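Notes for the one structure printed next.
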Amino acid sequence: MTLPATVAVDVGGTKIRAGSVIDGELAHVRSVPTPATSGAQAVLDTIAEVTAAVVAEASGSHGGESAWRIGIGAAGVIDPATGTVVSATDSLPGWAGTDLVAELSARTGLPVRVVNDVHAHALGEAAAGASRGTRSSLLVAAGTGIGGGFITDGHLLTGRNSAAGHVGHVPSATAAGLPCPCGGTGHVEAIASGPAILNTYRRLVDASDSPTSTPVAAPAPGNTRELAAAASAGDALAVRAFDIGARALGSALGGIANVLSPEAIVVGGGLAAMDEIWWAPLRAAFAAELIPATAGIKLAKAELGQDAALIGAASLWNAEQRETR
């Protein structure tokens with residue numbers, strides 16, 4: 001008997017992860033650097049190579065014949081109907097306009113389906129993570145940027161131009177006047193993303209009477225991870241910076257909850273790994289925005305980590321995911 005088997009691939013600006021999904025089980029996961037600076041063709045070649053490696057390893061250990069196909073979650077705005085990258089950031093030069101389905105089918109000889117990487121995360125958490133069992137859910141990825149994916153009645157909402165889910169680009173009064181990576185100003189990503197929180201900390205330090213609020217002298221945090229460590233060690237300004245960012249995001253999510261009324265909002269990404277220094281103000285601001293009809297919407301931490309994108313990419317081959325809206 002020939003079993004359906006999927007190579008699930010997560011394509012980011014710095015790494016490409018891939019694994020096999022057979023009978024719903026993720027295995028044979030491997031990760032390679034993304035040759036981003038070498039251009040789109042080099043990235044496609046690398047995806048094809050890691051796909052072949054996963055198929056070879058899985059076929060050798062699984063036994064029997066499998067009918068392989070590829071499911072991909074890729075960085076950029078992706079049109080899932082055509083498999084084309086509609087637009088992309090500078091982290092993947094030349095990525096915009098790439099026909100992922102045609103290019104990878106030609107390289108591998110396998111059928112291909114593709115969505116945006118955050119949308120793949122949303123599908124993964126809905127299939128096997130924190131929002132499993134719900135009919136509607138919003139996945140929010142909060143880290144270097146802020147993105148999202150909305151699932152309703154088992155379908156991924158992609159919207160016009162496949163651009164649905166840009167949670168980071170809703171207005172935020174707290175971010176008024178602050179530049180956003182999209183080129184606009186005043187979006188919640190400009191105050192609530194990891195880099196934005198670090199910038200807030202630097203502004204707070206500049207405005208304070210002393211260069212550091214920690215009880216002992218320490219090098220200034222150079223990234224969000226170091227800032228989180230400083231907050232945990234008692235740096236009051238670091239705690240304040242996370243509080244400001246978390247409250248801005250929580251308020252935005254509360255407003256979105258009032259519009260969409262999902263059964264669950266699931267938060268993943270690097271910031272979701274924070275402790276209560278970030279989560280407590282996020283939850284408080286979220287709850288404060290809810291109207292009576294939406295009060296009680298579940299706000300939860302993502303469960304699957306980076307595997308969510310692989311599980312979600314594989315789910316593109318499930319019958320209920322063959323059409324997006």
Side-chain angles (χ1 to χ4, degrees), residues 5-22 24-34 36 43-44 46-47 50-51 53-54 58 69-80 83 85 88-89 91-92 95 98 100-101 104 112-132 137-151 154-158 162 164-168 264-273 300-318 321 324:
T6 305
V7 178
V9 187
D10 179 14
V11 183
T14 59
K15 65 182 177 182
I16 297 168
R17 296 183 78 241
S20 66
V21 178
I22 302 174
E25 294 295 324
L26 175 64
H28 310 108
V29 176
R30 56 181 62 211
S31 178
V32 297
T34 304
V43 175
L44 292 165
T46 302
I47 296 171
V50 74
T51 294
V54 168
R69 59 271 180 101
I70 304 173
I72 299 175
V77 176
I78 309 293
D79 181 351
V85 183
T89 66
S91 64
L92 285 171
W95 195 235
T98 303
L100 297 177
V101 168
L104 289 168
V112 178
R113 288 179 181 162
V114 59
V115 292
N116 163 266
D117 54 352
V118 178
H119 288 173
H121 272 84
L123 290 169
E125 289 290 339
S131 53
R132 63 188 177 277
S137 61
L138 174 67
L139 180 281
V140 178
T144 303
I146 297 174
F150 185 59
I151 309 292
H155 293 268
L156 174 67
L157 179 69
T158 54
S162 307
H166 281 84
V167 173
I265 295 180
V266 175
V267 184
L271 287 172
K301 182 178 180 179
E303 295 178 356
L304 302 179
Q306 57 187 349
D307 286 346
L310 297 180
I311 294 169
S315 79
L316 295 173
W317 288 95
N318 295 348
Q321 287 302 337
T324 53

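A quick note: this is a predicted structure, and the numbers were derived from the prediction, not measured. Numbering starts at 1 and runs along the sequence shown. Values below: every heavy atom of this structure, side chains too, minus hydrogens, waters and symmetry copies.
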Not counting sequence neighbours, which residues clear side chain to side chain contact (heavy atoms under 4.5 Å, CB included) with [X]? List them please.
{"X": "Val85", "result": "Ile78, Ala88, Trp95, Thr98, Leu100"}
{"X": "Ala75", "result": "Leu92, Asp117"}
{"X": "Ala8", "result": "Val21, Leu310, Ala313, Ala314"}
{"X": "Ser31", "result": "Lys15, Arg17"}

Does Thr34 use its side chain to pair, donor to acceptor, with the backbone of Gly12 at less than 3.5 Å?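 Yes, Thr34 side chain to Gly12 backbone: donor-acceptor pair under 3.5 Å.
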Distance-only, no hydrogens or angles: does the His119 side chain make a donor-acceptor pair with backbone N or O of Gly165 under 3.5 Å?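 Answer holds: no.
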Sequence neighbours excluded, which residues qualify as side chain to side chain donor-acceptor pair (under 3.5 Å) partners of Ser20?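 Applying side chain to side chain donor-acceptor pair (under 3.5 Å) to Ser20 gives His28.
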Closest heavy-atom pair and its distance - [X], [Y]:
{"X": "Val9", "Y": "Ala18", "value": "CG2-CB, 4.1 Å"}
{"X": "Gly268", "Y": "Ala302", "value": "CA-CB, 3.7 Å"}
{"X": "Ala120", "Y": "Ala309", "value": "CB-O, 3.6 Å"}
{"X": "Gly71", "Y": "Leu316", "value": "CA-CD1, 4.5 Å"}
{"X": "Leu304", "Y": "Ala128", "value": "CD2-O, 3.7 Å"}

Which residue pairs pass the salt bridge (charged side-chain N to carboxylate O under 4.0 Å, His left out) test with at least one member in residues 138-151, sequence neighbours excluded?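 Counting only pairs at least two positions apart or across chains, no salt bridge (charged side-chain N to carboxylate O under 4.0 Å, His left out) contact touches residues 138-151.
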How far does [atom1] of [X] sit from [atom2] of [Y], to the nearest 0.5 angstrom?
{"X": "Ile16", "Y": "Arg30", "atom1": "CD1", "atom2": "CZ", "result": "13.0 Å"}
{"X": "Ile47", "Y": "Ile72", "atom1": "CD1", "atom2": "CD1", "result": "5.5 Å"}
{"X": "Ile311", "Y": "Leu26", "atom1": "CD1", "atom2": "CG", "result": "5.5 Å"}

Does [X] reach the side chain of [Y], with side-chain heavy atoms less than 4.5 Å apart?
{"X": "Leu271", "Y": "Ile146", "value": "no"}
{"X": "His166", "Y": "Val77", "value": "yes"}
{"X": "Leu44", "Y": "Leu104", "value": "yes"}

What side chain to side chain donor-acceptor pair (under 3.5 Å) pairs are there with at least one residue in residues 123-132, not counting sequence neighbours?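 Of all non-adjacent pairs touching residues 123-132, those that pass side chain to side chain donor-acceptor pair (under 3.5 Å) are Arg132-Glu303.
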